Amino acid sequence: MELSGRGVFLTGGAQGIGRAITTALLDKGAKVLFCDVNADIGKATEAELQKQCGADNVMFQQCDVTNADQLKAAFDQAVTKFGAVEICCNNAGIMDETIWEKMLAINTTAQIRGSQIALDHMRRDKGGRGGVIVNTVSIAGLIPCHWFPAYCASKHAVVGYTTSWARNPMAGAMGVRWCCLCPVSVNTDMMTSLQEDQIFDMDNFRERAADTMLQPEEVVQAFMRLVEDSDNNGAILEVWRGKGATYRKRQLVDMDGVSNPMVVDNPSQTSLKPSDVK
Ligand SMILES: NC(=O)C1=CN([C@@H]2O[C@H](COP(=O)(O)OP(=O)(O)OC[C@H]3O[C@@H](n4cnc5c(N)ncnc54)[C@H](O)[C@@H]3O)[C@@H](O)[C@H]2O)C=CC1
Ligand SMILES: CCCCC/C=C\C=C\C(=O)C/C=C\C/C=C\CCCC(=O)O
């Protein structure tokens with residue numbers, strides 16, 4: 001997919017992964033409306049990016065993605081400004097097990113709602129131009145994570161939702177691709193400002209994550225691959241430090257030659273050992 005001139009809608013773009021993706025898309029000539037609940041950081045980011053890339057090419061809209069009306073209005077604003085949206089990135093997310101219902105509203109419900117709004121606008125069988133919907137998930141959407149069970153659930157749900165739409169028999173006629181971006185831990189505010197009680201067993205996770213942490217730019221490369229590969233509907237792209245981005249395959253594995261074969265996602269990258277299989 002050629003990106004120059006394409007209209008983009010992205011949530012949670014004031015900082016972190018969303019800001020890095022926005023910057024990279026602008027560098028490739030796309031036009032981006034990013035929204036965020038944080039108006040101060042959003043406006044500051046808008047000013048910096050407009051200076052770098054031109055005031056007509058990038059725009060910020062304050063929006064709480066859990067507010068359905070605000071989310072629809074922000075998306076519609078992108079359509080009005082750019083003529084059409086062909087790339088939608090549902091990216092806004094939080095990690096805080098103490099407010100898990102709000103976390104599910106942001107990480108899951110709003111990503112589903114944003115996807116539905118984008119699909120309605122993009123689908124070719126209803127007069128749209130087609131496009132791609134990329135949902136920022138996480139490795140936590142693919143494997144169990146005892147440090148943050150509700151976050152993990154919020155991300156697994158998005159993988160199920162996104163890949164289910166990709167399998168729709170009408171997908172070809174709709175002309176809309178569905179992708180999951182699944183990085184391991186990334187050095188952003190989400191990670192650096194996390195408080196002790198927001199996840200379980202923080203010290204253990206810190207130790208585990210120290211060697212595997214990505215920079216936002218590494219996630220951007222993976223995002224670009226998802227958007228630019230035009231034959232990847234239903235893709236789940238994992239991003240691990242040192243291994244770069246790899247498309248994930250589910251495999252039927254006979255773990256120990258004794259138990260029933262089971263479906264495992266990339267066994268070498270999970271903590272599963274044959275002795276774990278009951
Ligand atoms: N940082 C990490 O280790 C990883 C993050 N992710 C996912 O990447 C996405 C982006 O996260 P980061 O850039 O790391 O975090 P971040 O905290 O740096 O940025 C998230 C942005 O989302 C915005 N946001 C939060 N709630 C919102 C709401 N209700 N409405 C609108 N905007 C809202 C925040 O204001 C912030 O600007 C999230 O979905 C996160 O789950 C995935 C894997 C690893
Ligand atoms: C030290 C503070 C950690 C704060 C974590 C903040 C954000 C993390 C967001 C994620 O989406 C986490 C993504 C992946 C972690 C899941 C598993 C890591 C397992 C690593 C391994 O097995 O090597």
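Counting convention: from 1, in listed order, for ligands and their atoms alike. Fair warning: this is a prediction, and the values are worked out from it, not measured in the lab.
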Students should be able to answer this: which protein heavy-atom is nearest to atom 34 (C) of ligand 1, and at what distance?
Asp36 OD1, 3.5 Å
Does at least one non-hydrogen atom of Ile139 fall below 4.0 angstrom from an atom of ligand 1?
no
Just by modelled atom types, is the Ile94 backbone N or O under 3.5 Å from a matching donor or acceptor in the Asn107 side chain?
yes
Taking the side chain from Gln111 and the backbone from Thr136, do they hold a donor-acceptor pair closer than 3.5 Å?
yes
With a 4.0 Å cut-off on heavy atoms, is Thr11 touching ligand 1?
no
Could you tell me whether the side chain of Cys179 reaches within less than 4.5 Å of the side chain of Leu181, counting heavy atoms only?
no
Report the residue from Leu104, Thr109, Val37, Ile106 that forms a side-chain contact (heavy atoms from CB on, under 4.5 Å) with Thr66.
Ile106
Suppose I only count heavy atoms of Cys145 and a 4.0 Å limit; which atoms of ligand 2 are within that range?
16 (C), 17 (C)
Hey, does Met174 have a side-chain heavy atom less than 4.5 Å from the side chain of Leu119?
yes
Just to check, does Val219 reach to within less than 4.0 Å of ligand 1 when the distance is taken from its heavy atoms?
no
Would you say Thr45 and Phe60 make side-chain contact, with heavy atoms under 4.5 Å?
no
Main-chain N/O of Ala20 paired to Glu217 side chain as donor or acceptor, under 3.5 Å
no
Kindly confirm or rule out an N or O of Thr212 lying under 3.5 angstrom from an N or O of ligand 2.
no
Are the side chain of Arg177 and the backbone of Leu226 linked by a donor-acceptor contact shorter than 3.5 Å?
yes
Element-labelled atoms of ligand 1 that are located less than 4.0 Å from some non-hydrogen atom of Val137
6 (N), 7 (C), 42 (C), 43 (C)
For Ile17 and ligand 1, does the shortest N/O to N/O distance drop below 3.5 Å?
yes
Suppose we measure from atom 32 (N) of ligand 1 to each protein heavy atom; which comes out shortest, and what is that distance?
Val37 N, 3.3 Å
Atoms of ligand 2 close to Arg208 [distance to a heavy atom under 4.0 angstrom, numbered from 1]
21 (C), 22 (O), 23 (O)
So, Glu238 side chain and Ile139 main chain: donor-acceptor pair closer than 3.5 Å or not?
no
Any chance NZ of Lys72 has more than 12 other-residue heavy atoms, nucleotides or ligands included, within less than 6.0 Å?
no
Heavy atom under 4.0 Å from ligand 2: found in Met95's side chain, backbone, both, or neither?
side chain
Polar-atom distance check: Trp147 versus ligand 2, any N or O pair below 3.5 Å?
no
What protein heavy atom sits nearest atom 44 (C) of ligand 1, and how far off is it?
Val184 O, 3.3 Å
By number and element, which atoms of ligand 2 are closer than 4.0 Å to a non-hydrogen atom of Ser138?
10 (C), 11 (O), 12 (C), 13 (C), 14 (C)
The protein heavy atom nearest to atom 14 (O) of ligand 1 is Thr188 OG1, 2.6 Å
List ligand 1 atoms under 4.0 Å from Ile106, heavy atoms only on the residue side.
26 (N), 29 (N)
Going by the order shown, which atoms of ligand 1 are within less than 4.0 Å of some heavy atom of Asp64?
28 (C), 29 (N), 30 (N)
Please examine the side chains of Asn91 and Phe223, heavy atoms only from C-beta on, and report whether any two atoms are closer than 4.5 Å.
no
Please identify which atoms of ligand 1 are closer than 4.0 Å to at least one heavy atom of Lys155.
38 (C), 39 (O), 40 (C), 41 (O)
Is the closest heavy atom of Ala209 to ligand 2 under 4.0 Å?
no
Can you name the atoms of ligand 1, numbered from 1 with element, that are less than 4.0 Å from a heavy atom of Cys63?
30 (N), 31 (C)
For atom 25 (C) of ligand 1, what's the nearest protein heavy atom and its distance?
Ile94 CG2, 3.8 Å
Atom 3 (O) of ligand 1: the protein heavy-atom neighbour that sits closest, reported with distance to 0.1 Å
Val186 N, 2.6 Å
Considering only heavy atoms, does Lys155 approach ligand 2 within less than 4.0 Å through its side chain, its backbone, both, or neither?
neither
Non-hydrogen side-chain atoms of Glu97 and Tyr151 separated by less than 4.5 Å
yes
Within a strict 4.5 Å, meaning less than it, do heavy atoms of the Cys180 and Arg248 side chains meet?
no
Element-labelled atoms of ligand 1 that are located less than 4.0 Å from some non-hydrogen atom of Asp189:
18 (O)
If you have a sec, work out which protein heavy atom is nearest atom 22 (O) of ligand 1 and how many Å separate them, to one decimal?
Gly12 CA, 3.5 Å
Are Asp36 and Ile41 packed together at the side-chain level, in the sense that at least one heavy-atom pair is separated by less than 4.5 angstrom?
no
Among Val65, Asp40, Val158, which one has a heavy atom closest to atom 30 (N) of ligand 1?
Val65
Exam field: side chain Thr188 to backbone Ile17, donor-acceptor pair closer than 3.5 Å
no
Which option, Asn91, Leu214, Thr136, owns the non-hydrogen atom nearest atom 38 (C) of ligand 1?
Asn91
protein heavy-atom neighbour closest to atom 18 (O) of ligand 1 works out as Gln15 NE2, 3.5 Å
Within a strict 4.5 Å, meaning less than it, do heavy atoms of the Arg6 and Met1 side chains meet?
yes
If we number the atoms of ligand 2 from 1 as shown, the ones under 4.0 Å from a heavy atom of Tyr151 are 9 (C), 10 (C), 11 (O)
Just distances here: any N/O of Gln111 and N/O of ligand 1 closer than 3.5 Å?
no
Can you classify the ring geometry of Trp178 versus Trp165 as parallel (below 30°), tilted (30 to 60°) or perpendicular (above 60°)?
parallel
